[in-house]
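The structure under discussion appears below in the form of structure tokens.
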Amino acid sequence: MDLNKIILSDEARKELVNDRRWLHAHPEEGWCEFETTWFIVRRLRSLGLEVLAGIDVIEPDAVMGRNEALVLAAQQRAIEHGVPKEFLESLSGYTGAMAILRTGRPGPVTALRFDIDALPIEETDDPQHEANAGHFRSQNPGFSHACGHDGHAAIGLALCRWLSENREQLKGTVKILFQPAEEGVRGAAAMAAKGIVDDVDWFAGGHIGCSAKLGDVGVSHFGYLATTKFDLEFFGQSAAAGSPEKGRSALMCAAAACLSLGSLPGHSQGITRVQIGKFISGTGRNIIADHAYM
Ligand SMILES: [Zn+2]
């Protein structure tokens with residue numbers, strides 16, 4: 001099809017702006033995006049798209065960094081804000097959604113990913129701030145869409161609308177993923193582990209950035225901003241500090257590994273970065289540490 005035809009109608013553009021502002025006013029932390037998921041699912045259904053959500057797009061065994069207390073509080077808040085109980089139950093405690101458009105015509109499976117979570121950052125009180133001036137600032141104290149995922153989710157919905165309106169001109173299958181918990185890189189693995197993208201031929205994700213001018217799109221090779229996280233554990237043998245030869249210090253070993261990793265690129269100009277963000281070891285100052293964790 002003619003790529004020049006991929007433009008939004010004025011009405012769709014208005015809806016995109018309104019969606020982004022609603023999402024901006026309702027920021028939810030990773031794995032807590034229950035209101036956000038309801039907002040997205042309701043819209044996707046109204047567009048006549050096949051929709052999966054919650055437990056149907058998330059593999060619990062692959063979930064990282066989910067705080068149960070925050071999740072329960074978020075579910076409660078969602079109910080108070082009018083999200084139907086039956087919908088929350090259908091999610092089985094997990095957020096996120098996927099829209100599927102099957103054109104019925106042969107063609108590749110294309111997937112596009114949009115993240116939906118917010119950050120635990122208080123939004124500024126500066127009256128010049130667009131969200132304050134425009135009256136759509138965060139209504140969730142302590143949280144805000146400081147990373148632009150409100151924009152991502154709104155773009156995803158606008159795309160879904162476009163796909164739905166233009167389905168007769170398309171072929172193959174399109175999957176649009178609304179991924180929870182991007183911050184801390186926690187959510188993608190659980191969606192992948194569910195198997196919902198196993199059949200995908202082409203996959204793309206994106207992020208709004210401040211280094212591009214309005215209207216600019218930067219395209220990168222695969223792996224951009226991809227990260228992998230490791231928990232490293234060291235096991236040694238404890239002994240009194242006075243006779244260290246009777247022990248094996250996991251702390252010393254981990255410290256050596258930590259410093260060695262520090263010799264790998266640790267700045268943002270290269271293509272790779274390695275960091276140890278946390279180091280825990282030792283039980284007492286006069287005891288050889290038998291365990292270390294980084
Ligand atoms: Zn982000």
Side-chain angles (χ1 to χ4, degrees), residues 16-17 19-37 39-40 53 57-58 62-67 70-71 74 94-99 111-124 129-131 136-160 175-193 197 203-229 267-275 277:
L16 191 157
V17 171
D19 285 350
R20 186 254 158 176
R21 291 183 179 182
W22 188 92
L23 290 159
H24 189 87
H26 299 84
E28 294 175 294
E29 131 95 354
W31 300 123
C32 296
E33 311 94 330
F34 294 101
E35 278 191 85
T36 307
T37 298
F39 182 82
I40 290 166
V57 296
I58 297 293
V63 164
M64 290 185 279
R66 182 173 175 273
N67 181 321
L70 281 180
V71 167
Y94 295 96
T95 50
M98 180 172 76
L112 293 142
R113 194 257 354 205
F114 300 89
D115 43 19
I116 63 173
D117 57 320
L119 278 164
I121 295 175
E122 183 75 33
E123 188 153 30
T124 177
H129 178 58
E130 193 196 333
F136 57 91
R137 68 170 280 116
S138 167
Q139 293 171 19
N140 187 7
F143 293 88
S144 62
H145 268 297
C147 200
H149 302 184
D150 49 345
H152 297 172
I155 292 167
L157 289 175
L159 174 69
C160 285
K175 293 180 162 185
I176 300 95
L177 290 90
F178 293 90
Q179 184 212 300
E182 188 271 346
E183 299 297 347
V185 202
R186 296 169 289 159
M191 284 194 125
V197 289
F203 190 100
H207 206 296
I208 289 173
C210 298
S211 53
K213 293 192 195 81
L214 187 63
D216 277 1
V217 177
V219 181
S220 173
H221 61 298
F222 68 93
Y224 175 66
L225 289 185
T227 78
T228 303
K229 290 182 167 50
H267 58 80
S268 62
Q269 302 311 304
I271 199 154
T272 62
R273 288 150 233 191
V274 181
Q275 280 302 319

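All values below were derived from every heavy atom in this structure, side-chain atoms included, with hydrogens, water molecules and symmetry-related copies excluded. For ligands, and for the atoms within them, numbers begin at 1 and follow the listed sequence.
- No cation-pi contact links R20 to F136, judged by a cut-off of 6.0 Å to the six-membered ring centre and 45° from its axis.
- In this structure the side chain of F178 never reaches within 4.5 angstrom of the side chain of V57, judged on heavy atoms.
- Side-chain contact between R186 and K229 is absent, with no heavy atoms from C-beta onward closer than 4.5 Å.
- Aromatic ring pairs are classed by plane angle as parallel below 30°, tilted from 30° to 60° and perpendicular above 60°; the pair H26 and W22 is parallel.
- Legend: residues meeting side chain to side chain donor-acceptor pair (under 3.5 Å) with E29, ordered by chain and number and at least two apart, are absent.
- The number of protein N/O/S atoms found under 2.8 Å from the Zn ion (ligand 1) is 3.
- If you check the side chains of T95 and E33, you find a donor sitting under 3.5 Å from an acceptor.
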